[in-house]
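Computed from a prediction, not measured in an experiment: that's the story for all the values here. Computation of the quantities below employed the complete heavy-atom set of this structure, encompassing side-chain atoms and omitting hydrogens, waters and symmetry-equivalent molecules.
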Amino acid sequence: DKRASFEGWREWWDAEGREIERKRAPLEERRAAVEKARKAGSTKATFYGVRVVSKRVIFVGDLSGSMEGKAEWMQEGEKAPRAVMRKIDVARWELKRAIENLPADGAFNVMTYEKKVKRFAEGMAANAKEKRAEVLSWMDEWTTEGGTDTWGGLNEALGVAGVNRAALAADTIYLIT
């Protein structure tokens, strides 16, 4: 497995990486595309104050025991913390708000990790009213547990996104920890 060591990654990059770089659009072109999408207002969703530009998003949330910790929380535009809450409560609120504001023609999935990974949907869920209600209800049932398998959650999201397929099912992944 080449991913197990720096030398393996270097060997892979020397063989494959240059071709990937060659196929990528120039940086200025990519930045212009992102700015154009922002100006077009493709979505009014934000996540922790960051505008969600994509219409195909996966959220990966930490449900490990550390999310029981306290977090000072401020809504956008507020000058002082509103309340001291658990990190999991703030993450859940931010995530619900983001999902509720995704564009109607979008798609999403939500995954959680602690010592194991769980998915809301097998693949991407169409942003239909029923699916939003379903995921919001599922999120209300979240509880924190012991372990932290961040890599497991991210790896699962990359698989659903389709990083090894010609067309991506999702083009943005948010990792919440």
Side-chain angles (χ1 to χ4, degrees), residues 1-4 9 20 24 30 33-34 37-38 42-76 85-177:
D1 183 7
K2 291 183 179 189
R3 296 174 291 178
W9 278 109
I20 291 169
R24 244 169 60 164
R30 294 190 318 260
V34 168
R38 281 193 181 123
S42 59
T43 177
K44 62 181 180 176
T46 61
F47 189 63
Y48 284 92
V50 176
R51 178 183 276 282
V52 177
V53 176
S54 174
K55 293 182 179 183
R56 300 180 324 266
V57 185
I58 298 175
F59 298 95
V60 183
D62 183 351
L63 292 185
S64 70
S66 67
M67 294 299 282
E68 283 292 323
K70 290 183 180 178
E72 288 191 355
W73 176 55
M74 292 184 350
Q75 272 189 302
E76 286 179 44
M85 303 172 71
R86 297 178 310 161
K87 293 175 187 176
I88 186 64
D89 297 324
V90 175
R92 184 177 315 164
W93 186 89
E94 287 282 351
L95 185 50
K96 283 182 173 187
R97 195 176 75 156
I99 289 171
E100 288 170 341
N101 287 293
L102 287 173
D105 61 341
F108 68 91
N109 202 339
V110 179
M111 300 172 188
T112 62
Y113 64 91
E114 19 83 23
K115 47 186 181 251
K116 60 187 171 201
V117 178
K118 297 175 189 162
R119 290 183 190 187
F120 165 67
E122 200 53 37
M124 296 298 285
N127 190 22
K129 185 177 182 178
E130 302 79 34
K131 284 295 177 190
R132 283 194 311 272
E134 222 177 288
V135 75
L136 298 179
S137 177
W138 179 64
M139 289 167 42
D140 286 337
E141 298 171 12
W142 286 357
T143 58
T144 57
E145 304 212 12
T148 308
D149 185 10
T150 308
W151 169 244
L154 188 54
N155 192 40
E156 190 87 8
L158 290 168
V160 170
V163 293
N164 293 321
R165 292 191 297 250
L168 293 175
D171 58 14
T172 305
I173 298 172
Y174 287 94
L175 180 66
I176 309 143
T177 186

Do T148 and E114 have side chains that approach each other closer than 4.5 Å (heavy atoms only, starting at C-beta)? no

Partner residues of R119 under the salt bridge (charged side-chain N to carboxylate O under 4.0 Å, His left out) criterion, sequence neighbours left out: E122, E156

Cationic N near anionic O, under 4.0 Å, R97 to E94: yes

Only counting residues at least two apart or in another chain, list the ones meeting side-chain hydrogen bond (donor to acceptor under 3.5 Å, both in side chains) with E141. none

By ring-ring contact (aromatic ring centres under 6.0 Å, His included) - contacts of F59 (at least two apart): F47, Y174

Note: A98 and A45 closest approach over all heavy atoms is O-CB, 3.5 Å

Looking only at heavy atoms, which two atoms of I173 and A161 are closest? And how far apart? CD1-CB, 4.3 Å

Give me the atom names and distance for the closest heavy-atom approach of V60 to A157. CG2-CB, 3.5 Å

side-chain hydrogen bond (donor to acceptor under 3.5 Å, both in side chains) against S66, all qualifying residues, sequence neighbours excluded: S64

Closest non-hydrogen atom pair between A169 and V160, with its separation: CB-O, 3.5 Å

State which residues pass side-chain contact (heavy atoms from CB on, under 4.5 Å) with E68; sequence neighbours excluded, sorted by chain then number. R86, T144

Any heavy-atom pair between the side chains of D140 and R92 that's under 4.5 Å? yes

How far apart are the closest heavy atoms of S54 and T172, and which atoms are they? CB-OG1, 3.0 Å

Under the side-chain contact (heavy atoms from CB on, under 4.5 Å) test, residues paired with A125 that sit two or more places apart: F108, F120, A121, K131

Measuring only between side-chain heavy atoms, which start at C-beta, is K96 closer than 4.5 Å to V135? no

Do V110 and I99 have side chains that approach each other closer than 4.5 Å (heavy atoms only, starting at C-beta)? yes

Salt bridge (charged side-chain N to carboxylate O under 4.0 Å, His left out) partners of K116, counting only residues at least two apart: none

Residues that N127 engages under side-chain hydrogen bond (donor to acceptor under 3.5 Å, both in side chains), provided they are two or more places apart: R132

Measure the shortest side-chain to side-chain distance between M111 and L154 over non-hydrogen atoms and say whether it is less than 4.5 angstrom. no

If the condition is side-chain contact (heavy atoms from CB on, under 4.5 Å), which residues does A91 pass it with, not counting sequence neighbours? Y48, M67, I176

For T143 and L63, run side chain to side chain contact (heavy atoms under 4.5 Å, CB included): C-alpha distance rounded to whole Å, both residues' side-chain angles, the deciding distance at 0.1 Å, then the answer. CA-CA 7 Å; T143 58; L63 292 185; over 6 Å; no

Between the side chain of N109 and the main-chain N/O of I58, is any donor-acceptor distance below 3.5 Å? no

Under 4.5 Å between any side-chain heavy atoms of T150 and D62, yes or no? no

Please enumerate all residues that pass side-chain contact (heavy atoms from CB on, under 4.5 Å) together with K115, with sequence neighbours excluded. E145

